[in-house]
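Notes to accompany the following structure.
Within every chain, numbering begins at 1; the chains are lettered A, B, ... in the order of the sequence lines, protein sequences first and strands thereafter. Just so we're clear, the structure is a prediction, and the values are computed from it rather than from any experiment.
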There are 2 protein chains.
Amino acid sequence: MTISPRLERLRDAGYKLTTARATVLGVIESHEGHMTSAEILDEVSKRDASIGRASVFRTLDLLTRLAIIRPTYTSGSATPNYVLMPDGHHHHIVCVQCHQTIEFHDCGLAVLSERLEEEFGVKLTGHLLEFYGVCEACSEAGVIDEE
Amino acid sequence: MTISPRLERLRDAGYKLTTARATVLGVIESHEGHMTSAEILDEVSKRDASIGRASVFRTLDLLTRLAIIRPTYTSGSATPNYVLMPDGHHHHIVCVQCHQTIEFHDCGLAVLSERLEEEFGVKLTGHLLEFYGVCEACSEAGVIDEE
DNA sequence: ATGTAAATGATACCACGTCTCAATAAGCAT
DNA sequence: ATGCTTATTGAGACGTGGTATCATTTACAT
């Protein structure tokens with residue numbers, strides 16, 4: 001069996017390679033982009049009904065700790081969206097009106113990252129950059145917040 | 001009564017200026033930094049026990065839509081932390097081991113922000129930049145993840 | 001093969017956050 | 001000030017996402 005490089009990271013960190021973990025990661029990887037926990041739960045049990053809810057959440061926690069995925073803002077106080085961090089980083093714009101997200105790729109943050117590592121003595125593995133604003137469609141519709 | 005500039009933003013956007021809203025914002029403003037919804041709930045009812053839970057959550061949603069605060073997910077799938085966005089932006093480093101956060105201030109993202117506005121036709125009001133890594137203390141303790 | 005500790009699944013459980021709805025208060029016009 | 005209109009509120013019931021517990025299973029080392 002070939003092992004996804006991300007699963008290897010998991011094993012290298014001292015965690016066991018289980019089917020539950022592989023399935024959860026597989027689901028997230030195959031479904032590039034944002035997923036809510038409900039969607040993940042759903043897809044996982046479609047692929048392997050024997051996997052319990054608890055394990056899915058435990059795996060999400062674990063993947064988060066390993067900076068493989070990241071929970072991120074959705075709507076106000078609702079449940080998070082999980083986002084894959086392809087090379088340890090992820091960037092998007094989210095529209096505060098309609099919650100649509102636009103992904104973009106170059107951020108030029110490598111320099112800042114290094115500076116911070118020195119300044120604070122930390123070892124950085126990734127980052128998430130979210131911009132907030134109003135998308136084209138919404139600003140044309142002109143809902144609230146026009147001054 | 002003098003009105004906080006943030007409350008004014010709220011009113012200018014067409015929302016009424018109520019005690020519930022003022023209290024919630026007041027709590028968040030006075031407690032600079034990160035707060036969970038539980039902490040906010042607690043502080044609010046300490047200041048004014050007549051304010052209901054529902055209104056607090058509604059206000060959090062509203063403030064989020066207005067980009068005055070922002071929920072961020074420091075730990076895995078737990079409840080979000082609400083963060084004030086002083087000038088529309090906020091930056092921190094979060095330790096994936098102990099969940100401690102370190103705030104920093106200059107990010108040099110203004111340039112990128114403008115470029116994105118042009119490229120995607122959006123109007124950006126703020127951003128959140130999170131770095132993930134291992135803090136000094138944790139990497140000395142050397143828990144998991146040493147290669 | 002066998003042992004052992006980590007991980008799992010089932011389920012009961014809890015808390016966060018939402019919904020509903022009648023009561024209230026903000027803001028405006030007079 | 002006064003009254004009108006409508007957004008907003010508080011109370012509480014409700015749903016659901018996520019967690020704790022624990023006996024069972026599984027991964028991995030020897």
Side-chain angles (χ1 to χ4, degrees), chain A residues 1 3-4 7-8 10-26 34-66 69 71-82 143-145, chain B residues 1 3 7-8 10-25 35-66 69 71-82 99 143-145:
Chain A
M1 206 231 284
I3 302 169
S4 139
L7 274 183
E8 241 164 60
L10 198 149
R11 186 182 49 190
D12 291 349
Y15 296 97
K16 292 187 178 171
L17 240 177
T18 70
T19 41
R21 285 170 178 168
T23 308
V24 172
L25 182 56
H34 303 181
M35 293 185 88
T36 65
S37 52
E39 289 166 346
I40 296 173
L41 234 27
D42 200 53
E43 259 299 299
V44 166
S45 69
K46 231 174 250 168
R47 293 199 190 179
D48 185 339
S50 76
I51 294 174
R53 283 166 174 69
S55 292
V56 173
F57 283 108
R58 280 185 288 233
T59 304
L60 289 178
D61 266 13
L62 180 58
L63 293 176
T64 301
R65 284 207 312 279
L66 294 174
I69 60 170
T72 171
Y73 159 82
T74 359
S75 55
S77 31
T79 63
N81 265 51
Y82 291 89
V143 201
I144 20 175
D145 205 13
Chain B
M1 206 230 283
I3 303 170
L7 274 183
E8 241 165 60
L10 198 149
R11 188 182 48 189
D12 291 349
Y15 296 98
K16 292 185 176 169
L17 241 177
T18 69
T19 40
R21 285 171 178 166
T23 308
V24 171
L25 183 55
M35 292 186 88
T36 64
S37 52
E39 288 166 347
I40 296 172
L41 234 28
D42 201 53
E43 258 300 298
V44 166
S45 69
K46 230 175 251 166
R47 294 200 190 178
D48 184 338
S50 76
I51 294 174
R53 285 165 175 70
S55 291
V56 174
F57 282 108
R58 279 185 288 234
T59 304
L60 290 179
D61 266 13
L62 181 57
L63 294 176
T64 301
R65 283 207 312 278
L66 294 174
I69 61 171
T72 79
Y73 297 87
T74 34
S75 59
S77 32
T79 62
N81 267 47
Y82 291 90
H99 298 145
V143 201
I144 19 174
D145 205 14

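At whole-Å resolution of the value, CZ in B:Arg58 and P in D:dG12 are 14 Å apart. As rounded to whole Å, 12 Å separates atom P of C:dG27 from atom CD of B:Glu8. Look at CG on B:Asn81: it is 13 Å from P on C:dC16, rounded to the nearest Å. The OH-P distance, from B:Tyr15 to D:dT8, rounds to 7 Å in whole Å. Atom NZ of A:Lys16 is separated from atom C1' of C:dG9 by 16 Å (rounded to the nearest Å). Rounded to whole angstrom, the span from the CG atom of A:Leu10 across to the P atom of D:dA27 amounts to 14 Å. Look at CZ on B:Arg53: it is 9 Å from P on D:dA11, rounded to the nearest Å. The CG atom of B:Asp61 sits 10 Å away from the P atom of C:dC19 (whole-angstrom rounding).
Taking OG1 of A:Thr18 as the reference point, atom CD1 of A:Ile51 lies at 8.0 Å (rounded to 0.5 Å). For the atom pair A:Leu17 CG and A:Asp12 CG, the distance stands at 9.5 Å (nearest 0.5 Å). Atom CD1 in B:Ile40 sits 8.5 Å away from atom CG in B:Asn81 (nearest 0.5 Å).
Side-chain nitrogen and oxygen atoms of B:Arg21 include at least one within less than 4.0 Å of the OP1 or OP2 phosphate oxygen of D:dT9. A sub-4.0 Å separation between OP1 or OP2 of D:dA27 and a side-chain N or O of A:Thr18 is absent. Look at B:Ser37 and you'll find a side-chain N or O under 4.0 angstrom from OP1 or OP2 of C:dG17.
Within 4.0 Å of A:Ala54, counting heavy atoms only, lies at least one base atom of the nucleic acid. As judged by a 4.0 angstrom heavy-atom cut-off over every strand, B:Leu17 is placed among residues touching the sugar-phosphate backbone only. Among the heavy atoms of the strands, none lies under 4.0 Å from B:Thr19. Using a 4.0 Å heavy-atom criterion, one finds that B:Leu41 contacts no nucleic acid atom at all.
The minimum heavy-atom distance linking A:Lys16 with A:Leu10 is given by the pair O-CD2, 3.8 Å.
The side chain of B:Thr79 lies closest to C:dG17 when the candidates are D:dG18, C:dG17, C:dT8. Of the candidate nucleotides D:dG18, D:dA27, C:dC16, D:dG18 has the atom lying nearest to any side-chain atom of A:Phe57.
Nearest-nucleotide mapping onto DNA chain C: of A:Ala49 and A:Leu62, the residue sitting toward the 5' end is A:Leu62.
Between A:Arg65 and A:Asp61 no salt bridge is recorded (no basic side-chain N to carboxylate O distance below 4.0 Å).
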